[in-house]
Protein chains: 2
Amino acid sequence: MPGFKGQATYSVDGKGRIAIPSRMRTCMSPEAHNTLVATRGFERCIFVYPLDGWMEIEEQISALNPYSHKHRAFIRRFMRWADEVTIDAKGRIPLQRPLLEYAGIEKTSLILGNQKYLEIWDPQRFDDYLEAEEADYETLAAEVMGS
Amino acid sequence: MPGFKGQATYSVDGKGRIAIPSRMRTCMSPEAHNTLVATRGFERCIFVYPLDGWMEIEEQISALNPYSHKHRAFIRRFMRWADEVTIDAKGRIPLQRPLLEYAGIEKTSLILGNQKYLEIWDPQRFDDYLEAEEADYETLAAEVMGS
DNA sequence: CACAATTTCCCACAATTTCCCACAATTTTT
DNA sequence: AAAAATTGTGGGAAATTGTGGGAAATTGTG
C-alpha cells in the first residue's frame with residue numbers, strides 16, 4: 001500500500017472545513033473507517049493521521065512509563081491537541097480553531113502527502129520553512145539516504 | 001526482466017496526457033498494476049517510475065526516523081511532487097500542470113527509457129542539456145590534459 | 001426548560017477529471 | 001499485398017471533485 005504523496009492548495013471555508021484531496025483519500029486503508037486524527041505537528045503545521053496509523057502511535061505511547069516525569073510530560077503534550085474527525089460526504093474534515101491558529105491558517109491551506117500522514121500548512125509559512133532550511137534538496141538527499 | 005530503453009517524441013494533448021510508448025509499457029511487470037508514479041527529476045525533467053519500482057524507494061523512506069528534523073525535511077521534499085497515475089485504455093497517463101511546467105513541456109515531449117524509470121523532457125531542453133554537457137567535457141579535457 | 005451557539009447533515013453548482021468512442025497511421029498477420 | 005490488429009491522437013459525455021451555504025440536530029449555558 002503506497003503512502004500519502006503529492007500536494008494541493010485548498011481553501012478553508014467559514015466553518016473551518018478543509019477538503020482532503022481524493023488522491024490522498026484513496027490511499028487510506030478501509031481500517032481507517034474514513035476517520036482521521038488531526039493534531040499539532042512539528043514546524044508549526046497540522047499533522048493528520050489516518051485512524052489506523054494513529055492507533056500504532058498510541059500503542060507506542062502506551063508503552064511509555066507513566067511513572068516517569070519526562071514521559072508524562074511528553075504524553076500530555078502529545079495527546080492534548082489530538083482531535084478525531086470523520087470525513088464528510090464531500091471528502092472534507094472540520095478542523096478546530098486552535099489547530100488552525102497554531103498553524104497560522106486562514107483562508108487557504110497547503111496539503112502535503114507525507115507517507116504515513118498528511119500535513120496541512122499555511123502556504124506562506126511553508127515557503128518560509130523551505131527557505132529557512134539550510135541544505136538544498138540534493139545535499140539533503142545525499143546525507144539522509146546515504147551512499 | 002529488461003529495463004526501459006529507447007526514446008520517442010510524443011505529443012502532449014490539451015488535457016496534459018502523454019502516451020507511454022507501447023515498447024516501454026511492455027517492460028512493466030504485472031505487479032505495477034498499470035500504475036506509474038511521476039515526480040520531479042534531476043536536470044529539470046520528469047521521472048516516471050513503475051509502481052513496483054517506486055514502492056522499493058518508499059520502503060527506504062519509511063525506514064527513516066519521522067522524529068528527526070532533517071529526515072522530515074527530506075521526506076517532505078521528496079513526496080511533495082510525486083503523483084500516482086494509472087495508464088488509460090489508450091496507453092496514456094495524465095500529468096499535472098506543475099510537473100509539466102517544471103520540465104518546461106508544452107505541446108511536445110521526449111520520452112527516454114532509463115532502465116528502472118522513464119524520463120520525460122522538453123525536447124529543446126534536452127538538446128541544451130546535451131550541448132552543455134559537451135562544453136563541460138571540453139573544459140574538463142583542457143583542464144586535465146592541458147600542460 | 002428555553003435559548004443561543006455550534007456542529008452535523010444535506011443540497012446545489014461549477015470545474016475538473018475520468019471514461020468512452022472515433023479515426024488515421026502504423027505494425028503485424030494471413 | 002490485402003486484411004486485421006495495434007498504436008497514437010483528439011474530443012465529447014458522464015462521473016467525480018472541490019466549494020459554498022441552508023436546514024436540522026446537538027451541545028452547552030443561564
Side-chain angles (χ1 to χ4, degrees), chain A residues 4-28 33-38 46 48 51 81-101 105-113 118-123, chain B residues 4-28 33-38 46 48 51 81-101 105-113 118-123:
Chain A
F4 297 115
K5 58 178 71 70
Q7 67 178 339
T9 304
Y10 279 6
S11 67
V12 183
D13 70 22
K15 298 179 187 175
R17 293 177 300 189
I18 299 182
I20 305 297
S22 70
R23 188 169 320 121
M24 299 183 190
R25 258 180 282 141
T26 56
C27 287
M28 290 175 58
H33 294 97
N34 270 327
T35 304
L36 298 166
V37 178
I46 300 171
V48 182
L51 185 58
W81 301 104
D83 180 29
E84 200 174 311
V85 292
T86 59
I87 302 177
D88 76 11
K90 290 299 169 204
R92 293 170 295 195
I93 55 170
L95 292 180
Q96 314 214 345
R97 302 293 153 190
L99 274 182
L100 292 172
E101 276 165 27
I105 295 169
E106 298 189 352
K107 309 212 84 51
T108 311
S109 67
L110 178 71
I111 305 175
L112 295 183
L118 304 177
E119 297 186 351
I120 305 182
W121 291 73
D122 170 56
Chain B
F4 297 116
K5 57 178 74 70
Q7 66 174 345
T9 304
Y10 278 6
S11 67
V12 183
D13 70 22
K15 297 179 186 173
R17 293 177 299 190
I18 299 183
I20 305 297
S22 70
R23 167 167 28 102
M24 298 184 189
R25 256 181 282 142
T26 55
C27 288
M28 290 175 59
H33 293 98
N34 268 327
T35 304
L36 298 166
V37 178
I46 301 171
V48 182
L51 184 59
W81 301 104
D83 181 27
E84 202 174 310
V85 293
T86 59
I87 302 177
D88 75 10
K90 291 299 168 204
R92 293 170 295 194
I93 54 170
L95 292 180
Q96 312 211 335
R97 303 292 152 189
L99 275 182
L100 292 172
E101 276 165 28
I105 295 169
E106 298 189 351
K107 309 212 86 50
T108 313
S109 67
L110 178 68
I111 305 175
L112 297 182
L118 304 176
E119 296 185 355
I120 305 183
W121 291 74
D122 170 56

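Lettering follows sequence order; numbering is per chain, from 1.
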TODO: Would you mind telling me which of D:dG22, D:dG11, D:dT17 lies closest to the side-chain atoms of B:K15?
DONE: D:dG11

Task: Closest heavy-atom pair and its distance - B:V37, B:A82 - done: CG1-CB, 4.1 Å

- [ ] Please state how far atom CD1 in A:I20 lies from atom C1' in D:dT19, giving the value in whole angstrom units.
- [x] 14 Å

Open item on the list: Would you say that B:I20 contacts B:L36 through its side chain, given a criterion of any heavy-atom pair below 4.5 Å between the two side chains?
Closed with: yes

Open item on the list: With a cut-off of less than 4.0 Å, is there a side-chain N or O of A:S11 near OP1 or OP2 of D:dG18?
Closed with: no

- [ ] Decide yes or no for B:L95 and B:I120: does some side-chain heavy atom of the first lie under 4.5 Å from some side-chain heavy atom of the second?
- [x] yes

TODO: For D:dT29, give its Watson-Crick or G-U wobble partner with both distances under 3.5 Å, or none.
DONE: C:dA2

Task: Any side-chain heavy-atom pair of A:Q7 and A:L110 under 4.5 Å - done: yes

Open item on the list: What I want to check is whether an N or O donor and acceptor connect the side chain of A:R92 with the base of D:dG20 at under 3.5 Å.
Closed with: yes

Task: Any-strand Watson-Crick or G-U partner of D:dA4, both distances under 3.5 Å - done: C:dT27

Open item on the list: Regarding B:R97, tell me which of base, sugar-phosphate or nothing describes its non-hydrogen contacts under 4.0 Å with the strands shown.
Closed with: nothing

Task: 5' priority, DNA chain C, between B:Q96 and B:D88 [closest heavy atom] - done: B:Q96

TODO: Give the nucleotide from the list C:dT18, D:dA23, D:dG18 with an atom nearest to the side chain of B:P94.
DONE: C:dT18

TODO: Compare the minimum distances between each of D:dG21, D:dT19, C:dC19 and the side chain of B:R17, then state the nucleotide with the smallest one.
DONE: C:dC19

TODO: Measure the distance from NZ on A:K90 to C1' on D:dT19 and round it to the nearest whole Å.
DONE: 10 Å

TODO: Look through every strand shown and name the nucleotide pairing with D:dA23 as Watson-Crick or G-U wobble, where both distances are under 3.5 Å.
DONE: C:dT8

Task: Touch class at under 4.0 angstrom, heavy-atom based, for B:R23 against every strand present - done: nothing

Open item on the list: Under 4.0 Å, counting only non-hydrogen atoms across every strand here, what does A:I18 touch: a base, just sugar-phosphate, or nothing?
Closed with: nothing

